[in-house]
Every structure is written in C-alpha cells, then in structure tokens.
Student: 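Structure below; questions to follow.
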Protein chains: 2
Amino acid sequence: MTESSEPGAGPRRAKRVDAFRNEQKLLDAAASVFVEVGVDAPVRAVAAAAGVGVGTIYRHFPTRADLVVAVYRHQVDMLAAAGPSLLATSGSPDAAVRDWLDQFVDFLVTKHGLAAALQDDKVGAALHQHFVDHLVPVCAELLAAATKGSGGAGLTAYEVLRGVGNLCIGAGQDPMFDTRRVVRAYVSGVLIGEDVGRG
Amino acid sequence: MTESSEPGAGPRRAKRVDAFRNEQKLLDAAASVFVEVGVDAPVRAVAAAAGVGVGTIYRHFPTRADLVVAVYRHQVDMLAAAGPSLLATSGSPDAAVRDWLDQFVDFLVTKHGLAAALQDDKVGAALHQHFVDHLVPVCAELLAAATKGSGGAGLTAYEVLRGVGNLCIGAGQDPMFDTRRVVRAYVSGVLIGEDVGRG
DNA sequence: TTGTTTTCCGGAACCACGTTCCGTATATTT
DNA sequence: AAATATACGGAACGTGGTTCCGGAAAACAA
C-alpha cells in the first residue's frame, strides 16, 4: 500500500514502450489497409501490414470491431464537434442539418464498407454504439433547431442518422446509385412536414 | 437425332425423380430455416433441415445466393405483378407508389437479414440482380405516373428502390428504428419536388 | 430381369476468416 | 545481472462457403 494512491484500478507498472509503438503501428497500418481494401479487410492483413503477429492485434484490441472503432474515433469526434459550429455558420438550421449530414455522408462514403460494417451484428455492435453515443446528441440538437417551426416528419435523431447511414451502404461500388442525391431526398422528407403528398 | 425435337439445349434424359424431390425438400427447408434463423443461416443448417448432404445443395444451387433467390423468387414476382394493379386501385399515383413500396418493405422486413443480404457482395450479387430485373421496371412505371406533374426529386427508379432496400437493413432488430416511418419520410422526399427546404 | 449407363447423393476435405492459447522474447525493476 | 511482469508471434481451433469424388440409385437397353 505504499504506492497505491488510486484504489484498485491502476496498473502497477506503466505500459511497455514497445507496446505503445505497436499500438500506433497497428492503428496506422489498419487505417491504410482499410482505405485500400475496405474496413472488412482480414485481421491478418492488418497484422502483416503492421509487421506484427495476429496475437498482438488482439492484445491491443479485444476484437476486430474495437480496432475499427479506434481507427475512426478521431473522425467521429470531429464530426460531432462540427455540429454546433455549423448551426452558427450555416444560413439556416435546415442548411445546418443538410451540411452536417453531408459531412456524415462524406465520412462514410470515403471508407469502403464502413456503413455496411455498422450493420454487421458482430463488427457493428461496438461501432454502432460509439457512433450513437457521439453523434445522436449532435444530430438531435440540429434537428430540434431545424424542425422548430414545421415539426418535420417526426423521426428521432437516431432514426435520421441511422437512415443516412443505411443509405450509404454500398456507396461507391455502384455507379447507378448516387448516394448524395438519395440522401438529399431523404433529408428533404425528414425536414418536411408529414402531410406531404397525401392526395 | 431421332428424338431431338429441340435443337442443342435440351438434356438427353429427364431429370431424375429423386432429384426433383430433393430440390423441393431443399426449397421448403431453406424457407423455414430462413424464417427461423435468418437468410444468413449456414448452408449446413439448411442441408440438415432438408435431410440431405451439402453436396446436394450445391448440385441444385451453384451457390448459396442462388438458393436464396430461388426461395424468394415467387414473392418477388408477386410484388412485381402487384404494381400495375395498384395503379388502378389506389386513389392516386402517389398513393400507388407508397402502397407498393409499403409492400416491398413488408416483404423485406419479414425476412430476417434479407435486406442486408442484398448488399453482401457475395450473396448479394445474384439476389440483387434478380430484384433489379424484376422490380425496377415496375417501380419506374409507378414513379413515372406519380411524378408526372411535380417532377419529384429526380431519382431513378433504381435509386428509389435501392434506397428503400437499404433503409430496411436491420429492421426488426432495433426497436428504436421504425422502418415504416423512416421509409415514409424517404418516399416523401422522393415524391416532392427538389426545391424543398432551400432557404 | 439383368446389365449398362447416366445422374445424383453424402460428407470428408479445403480454404478463408475471427479468435484463442501458450512458449518464447523483451522491457522494466531490483 | 537476476528476477519479474509484460508483450510478442504464430500455430491451432471453430465456423462458414465451396469443391471433390467414391459409391448409390435411377433410367434405359437387352
């Protein structure tokens, strides 16, 4: 008890420096492998790219999903941070919502298979959780501002966000499917009152 | 050439009766396994349920995707057939589009994982193709009638259909995501003119 | 019926992937 | 340097799709 200033949880020895290095190598390698072959790249491919064994991956990231989350954590956080500022810079709350969701789409579209991975029950659980925790509140705030007057279609922020996420699945792999345009239509439906087109 | 009334393509001998029986057993077994554990059920599970070996599956259906397509072929065809009649019975072209897409959603939602399977590059290719071939023309016809006046959001029938399909991914596995409602918003955005919400 | 031919069946075997395990190597501490 | 905690590599396991092939069975011929 001579050096345990914190009760219970603290590790008795600092993390080894090679462990730190490997974690970073892993994150870098994963990031570049993910852009090259998609987020569904085999774990072994990431390990090889990082020059480590598979065991090392699992020491740092208990499951493949955790690795994916770690790789994209920064970008998710930046997206979350961009919400409030857009509310100020964009012309209207509606525009802020559209702009923010555009950024969300850009984020998903540029990562091959990320949107699809979000749905996978195995890989998706952790990813999904992280996305929801960080992005839904921001989306809710933007939506609240945008639908203050009209009321919108009555969707929850989660539904809006997940809808956009779903629409991005397979983006880029299909020239006949213009993700931007489709999402724009969806967002229009979300922001408009629910009595549209009712005969 | 004594008994070849058809040139070239006909098999020289009729299919064996046990082969017919097995194909039917396979389709029945697959259908029930798919409703119980989802369309991503292991091939071996279907084989076991049908009381045949895996080899038998692959004799009748070259790949897992072909089995899935075969199982749902009837329902896809019925959905395709329902389009034109809805145009007559529904009050307006708009309503026809909404009703038809509702049926599409019902179809996808009641099959666990079907919508997701449509995206999978492996399983999805054959499925996707079949869906596109049979459903897109019908959707195009309905859309043409509905957007004759306003113009709509300018999406192609394929984009509309695939958008709805994407939105159905994961349906039923998430109480916080009301697929019906989300799709309704999307369809509203599709049918409305594209100048909505533009400040 | 018996023999021959063609088709079909079963399931072991193969490959790819996520994950676990453990003997060995290395950093840190004494 | 010795001791100890920590991390590493990669073989091994479980699961899933798919292929292969020896044997069984149906169809046809006699």
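A, B, ... follow the sequence lines: proteins, then strands. Residue 1 opens every chain.
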Student: Figure out the CZ/C1' separation between B:R13 and D:dA27, and round it to whole Å.
Tutor: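 Interatomic distance, CZ of B:R13 to C1' of D:dA27: 4 Å.
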
Student: So do the side chains of B:R162 and B:Q119 get within less than 4.5 Å of each other, counting heavy atoms only?
Tutor: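 A side-chain contact exists here, since the closest heavy-atom pair is under 4.5 Å.
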
Student: Please list, chain by chain and in numerical order, all residues satisfying salt bridge (Lys or Arg N to Asp or Glu O under 4.0 Å) with B:D77, sequence neighbours excluded.
Tutor: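 Applying salt bridge (Lys or Arg N to Asp or Glu O under 4.0 Å) to B:D77 gives none.
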
Student: I'd like to know if B:R16 and B:D18 make a salt bridge, using a cut-off of under 4.0 Å between side-chain N and carboxylate O.
Tutor: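 The answer is yes: the pair qualifies as a salt bridge.
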
Student: Quick one, which residues of residues 42-72 of chain A touch DNA chain D with a heavy atom under 4.0 Å?
Tutor: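 Close to the strand are A:R44, A:G51, A:V52, A:G53, A:V54, A:G55, A:T56, A:R59, A:H60.
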
Student: Tell me whether B:R180 is salt-bridged to B:D102, with the criterion being a basic N under 4.0 Å from an acidic carboxylate O.
Tutor: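 No, B:R180 and B:D102 are not salt-bridged.
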
Student: Would you give the length of the straight line joining atom CZ of B:F131 to atom CZ of B:F107, rounded to the nearest 0.5 angstrom?
Tutor: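 One finds 4.0 Å between CZ of B:F131 and CZ of B:F107.
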
Student: Within less than 4.0 Å of OP1 or OP2 of C:dC8, is there a side-chain N or O belonging to B:N22?
Tutor: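 B:N22 to C:dC8 OP1/OP2: no side-chain N or O under 4.0 Å.
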
Student: Is it the case that B:K111 places NZ or CZ above or below the six-membered ring of B:F34, under 6.0 angstrom from the centre and within 45 degrees of the axis?
Tutor: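 Not flagged: B:K111 not positioned over aromatic ring of B:F34.
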
Student: Which nucleotide in the list D:dA24, C:dT5, D:dC8 gets nearest to the side chain of B:R16?
Tutor: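 Among the listed nucleotides, the one closest to the side chain of B:R16 is D:dA24.
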
Student: I need the CZ-C1' distance between B:R21 and D:dA25, as an integer number of Å.
Tutor: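 My rounded result for the distance is 11 Å.
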
